[in-house]
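Both ligands and their constituent atoms are indexed starting at 1 by order of listing. These values consider heavy atoms only, across backbone and side chains, with no hydrogens, waters or symmetry-generated copies.
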Amino acid sequence: MKMVFLGPPGAGKGTVAAKAKDYYSIPHISTGDLFRSNIKNKTELGKQVEAILAAGSLVPDSVTIAMVKDRISQPDCEKGFILDGFPRTIAQAEALAEMTELDAVVNFVISNEEVVERLSGRRMCPSTGHIYHVKFNPPKVEGKDDETGEDLIQRDDDKPQAILHRLEVYTAQTEPLIKWYTDRGLIRNVQTSNSMSPDAVFEETKKVLK
Ligand code: ADP
Ligand code: ADP
């Protein structure tokens with residue numbers, strides 16, 4: 001199964017992908033995670049994109065497309081993959097269509113108010129990548145990763161200034177992809193809200209993918 005998870009920042013793409021990758025036995029490829037690990041390891045790519053991520057702007061298409069092309073040509077992607085956070089522009093979607101044929105695009109639908117509430121409470125573990133929320137999905141011990149006990153962090157781009165900018169970027173650059181993929185018969189909508197548990201959202205996702 002080759003699929004894309006689409007939706008605004010904070011829609012729950014990463015949270016559902018963490019469950020779906022085990023269920024479907026396919027890799028979860030988050031372009032945001034790939035950039036963050038390059039930044040952490042101080043690679044050339046990491047140095048190139050660090051300020052862009054901190055501001056909540058988009059990394060140039062050419063850089064992002066090359067990174068994804070390399071990743072999905074690895075042997076573990078032969079049977080499928082979940083692309084989380086890619087494509088984010090029409091140019092990226094066109095490039096992806098040339099690389100491979102998708103089975104589905106899951107579009108996570110959520111209100112702007114709920115997105116802001118989710119992003120401002122998001123915490124993550126920089127080494128395991130586990131995602132938490134201070135209210136909706138708290139760790140067992142406050143501020144610590146459930147698995148390793150490491151300190152959780154708040155991403156720079158989850159601070160108020162960057163959140164608003166990211167939502168504008170989403171509306172201008174990424175939202176047009178809903179129509180683009182609808183026209184190609186690939187969109188599967190999943191309605192979500194903060195009163196729905198991540199498990200309930202995952203159940204809906206499985207339903208629309210059947
Ligand atoms: P979120 O899950 O909150 O939507 P991500 O982790 O997917 O955020 O992305 C974090 C940042 O990484 C983005 O704000 C952007 O700077 C960069 N990024 C991730 N994916 C892409 C992409 N497909 N194109 C351009 N920039 C990207
Ligand atoms: P995305 O990858 O789309 O940016 P995340 O999966 O990182 O979104 O989720 C954003 C925030 O919302 C995280 O803090 C996460 O714990 C929380 N979250 C995810 N799913 C739900 C849900 N169903 N209800 C409430 N909060 C959620």
Could you list the atoms of ligand 1 found under 4.0 angstrom from a heavy atom of [X]?
{"X": "Q92", "result": "22 (C), 23 (N), 24 (N), 25 (C)"}
{"X": "T31", "result": "19 (C), 20 (N), 21 (C), 23 (N)"}
{"X": "K13", "result": "4 (O)"}
{"X": "T64", "result": "22 (C), 23 (N), 24 (N), 25 (C)"}
{"X": "R36", "result": "6 (O), 10 (C)"}

Measure the distance from [atom] to every protein heavy atom, then report the residue, atom name and distance (to 0.1 Å) of the closest one.
{"atom": "atom 26 (N) of ligand 1", "answer": "V59 N, 3.1 Å"}
{"atom": "atom 14 (O) of ligand 1", "answer": "S57 O, 4.0 Å"}
{"atom": "atom 1 (P) of ligand 1", "answer": "R166 NH2, 3.5 Å"}
{"atom": "atom 8 (O) of ligand 1", "answer": "R155 NH2, 3.1 Å"}
{"atom": "atom 22 (C) of ligand 1", "answer": "R88 CD, 3.4 Å"}
{"atom": "atom 2 (O) of ligand 1", "answer": "R122 NH1, 3.9 Å"}

Practice item. Run the numbers on L45 and V49 for side chain to side chain contact (heavy atoms under 4.5 Å, CB included), then give the verdict. Key: CA-CA 6 Å; L45 174 63; V49 303; 4.0 Å; yes

Review point. Does the distance from a Lys or Arg side-chain N to an Asp or Glu carboxylate O, for K159 and D156, drop under 4.0 Å?
Key: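 Yes, K159 and D156 are salt-bridged.
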
So for ligand 2, is [X] a polar contact partner (N or O within less than 3.5 Å, distance only)?
{"X": "R123", "result": "no"}
{"X": "F136", "result": "no"}
{"X": "G121", "result": "no"}
{"X": "G10", "result": "yes"}
{"X": "M196", "result": "yes"}

Heavy-atom pair with the smallest gap, counting every atom of [X] and [Y]:
{"X": "N189", "Y": "I187", "result": "OD1-CG2, 3.7 Å"}
{"X": "A91", "Y": "I65", "result": "O-CD1, 4.1 Å"}
{"X": "L152", "Y": "P139", "result": "CD1-CG, 3.7 Å"}

Is there at least one pair of N or O atoms, one from [X] and one from ligand 1, spaced under 3.5 Å apart?
{"X": "D33", "answer": "no"}
{"X": "S30", "answer": "no"}
{"X": "G85", "answer": "yes"}
{"X": "P87", "answer": "no"}
{"X": "D84", "answer": "no"}

**Study point:** Nearest-0.5 Å distance, CG of residue N112 to OH of residue Y170
**Key:**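 Reported to 0.5 Å precision, the distance equals 9.5 Å.
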
Review point. How far does CG of D61 sit from CZ of R88, to the nearest 0.5 angstrom?
Key: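 Those atoms lie 11.5 Å apart.
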
Give the numbers and elements of all ligand 2 atoms closer than 4.0 Å to a heavy atom of [X].
{"X": "V201", "answer": "23 (N)"}
{"X": "S197", "answer": "23 (N)"}
{"X": "Y132", "answer": "13 (C), 14 (O), 16 (O)"}

How about [X] and [Y]: do any of their side-chain heavy atoms sit closer than 4.5 Å?
{"X": "R71", "Y": "V68", "result": "no"}
{"X": "V4", "Y": "L96", "result": "yes"}
{"X": "I82", "Y": "I29", "result": "no"}
{"X": "K2", "Y": "F81", "result": "yes"}
{"X": "P27", "Y": "C77", "result": "yes"}

Review point. Any idea which of V49, L53, T15 brings a heavy atom closest to atom 12 (O) of ligand 1?
Key: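 Residue with the shortest heavy-atom distance to the ligand atom: L53.
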
Review point. Looking only at non-hydrogen atoms, which of E114, R118, H133 approaches atom 27 (C) of ligand 2 most closely?
Key: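 The option holding the nearest heavy atom is R118.
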
Check your understanding: Where does M124 meet ligand 1, judged by heavy-atom distances below 4.0 Å: at the side chain, the backbone, both, or neither?
Key ->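 The answer is neither.
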
Check your understanding: With a cut-off of under 6.0 Å to the ring centre and 45° to the axis, is K206 in cation-pi contact with Y23?
Key ->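 So K206 does make the cation-pi contact.
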
Practice item. Measure the distances from the heavy atoms of G14 to every atom of ligand 1 and state whether one is below 4.0 angstrom. Key: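 Per 4.0 Å heavy-atom rule, G14 does not contact ligand 1.
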
Exercise for review: Using the six-membered ring wherever Trp is involved, compare the ring planes of H130 and Y132 and label them parallel, tilted or perpendicular (cut-offs 30° and 60°).
Suggested key: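 Ring orientation, 0 to 90° scale: perpendicular.
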
Practice item. Could you tell me whether the side chain of T89 and the main chain of Q173 form a donor-acceptor pair under 3.5 Å? Key: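 Pair absent, no side-chain N/O of T89 close to backbone of Q173.
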
Exercise for review: Say whether, by atom type as modelled, one donor and one acceptor occur between the side chain of R118 and the main chain of A11 under 3.5 angstrom.
Suggested key: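 At least one qualifying donor-acceptor pair exists.
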
